[in-house]
Amino acid sequence: MAEGALIDGKAVAAELRESIGKAVTTLKASHNLTPGLAVVLVGEDPASQVYVRNKGKQTVAAGMQSFEHKLDVSTSEADVLAIVEKLNNDPQVHGILVQLPLPDQIDSQKVLNAINPAKDVDGFHPVNAGRLATGEPALVPCTPLGCVILAKKVAPSLSGMDAVVIGRSNIVGKPVSQLLLQESCTVTIAHSRTKDLPEVCRRADLVVAAVGRPEMVRGDWIKPGAIVIDVGINRVEGADGKSKLVGDVHFDECRAVASAITPVPGGVGPMTIACLLRNTVQAACDANGITMPAI
Ligand code: GUN
């Protein structure tokens, strides 16, 4: 059998960002509205610093306003909550993102719960999680949204598919399961206590791997012709001793069996920021009673 098609997340994300840029131009011209995204970063985690820098660059490239709050690693929970409150009340800020993980002295859930749900462009607030689960309009978590957009690039209707999501986090596993249910998939959420995970996985027409374990999903776990979406980003040492990025999926083995697969890097990763920008445009439109331009 021919190897599976590559789902080019980098290209899809670039298209999405271009389309977002056009929507922003329209909003500026017709409503004098410039969407604004505020990012709060506490501490100096290197991966978080890279994400935040890229978010800032792409926000500005799409014509939006970017506000960055970089705080010392020892910042108190009260000080972070005070900044969130200020951003909640700032009319130029339509989206607020508090970069995770936060240092140990700060209760992340308390901070996320303090964000105005209407500005919660990460979609992590319980109000947005609840709206997603009940099918009400919601701000939807960015990585899950990116996964579904990529799956629909190769299968425009996911209806009736058996989907297996590996991982049950609030950031990816649970929300992507809700989105796939909305797409009329039959969804199984597998996790570390699942019995015979390879066998469960072999039933899937669509596999979403979001566990954070390098190359855990092997080729013989994949049903021939299945679609494989790899959310993992793991830094490992390659055969040459240099560090490299791999997903949660053993790429070469799974590509040989799948009909389509996302690479790491260049698959789901670039979609996350593009979806964040889309959510910011949505929040800005909702805050001003404007119908969002087509994106
Ligand atoms: N850290 C890693 N990914 C994310 C994300 O999507 N949102 C936030 N807030 N923090 C993250």
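Read the numbers this way: they start at 1 and go in the same order the structure lists the ligands and their atoms. The structure presented is a predicted model; accordingly, all values stated were derived computationally and were not measured.
A pairwise comparison of heavy atoms in Gln182 and Gly135 identifies NE2-CA, 4.0 Å as the closest pair. Here the shortest heavy-atom pairing between Asp248 and Ala209 reads OD2-O, 3.7 Å. Heavy atoms only, all atoms of each residue included: Ala118 and Ala283 are closest at O-CB, 3.6 Å. Cys147 and Val268 make their closest contact through SG-CG1, 4.0 Å (heavy atoms, listed as atom of the first residue, atom of the second, distance).
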Could you list each N/O atom of ligand 1 together with any protein N/O atom closer than 3.5 Å, one pair per line with the distance?
residue: ligand 1; atom: 1 (N); partner: Gln99; partner atom: NE2; Å: 3.0
residue: ligand 1; atom: 1 (N); partner: Leu100; partner atom: O; Å: 2.9
residue: ligand 1; atom: 7 (N); partner: Asp122; partner atom: OD1; Å: 3.2
residue: ligand 1; atom: 7 (N); partner: Asp122; partner atom: OD2; Å: 3.3
residue: ligand 1; atom: 9 (N); partner: Val98; partner atom: O; Å: 2.8
residue: ligand 1; atom: 9 (N); partner: Asp122; partner atom: OD2; Å: 2.5
residue: ligand 1; atom: 10 (N); partner: Leu100; partner atom: N; Å: 3.0

Expected list for residues 41-51: side-chain donor-acceptor pairs under 3.5 angstrom, two or more places apart:
residue: Asp45; atom: OD2; partner: Ser48; partner atom: N; Å: 3.0
residue: Asp45; atom: OD2; partner: Ser48; partner atom: OG; Å: 2.9

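Counting only N and O atoms by type, the side chains of Gln109 and Asn113 include a donor and acceptor under 3.5 Å apart.
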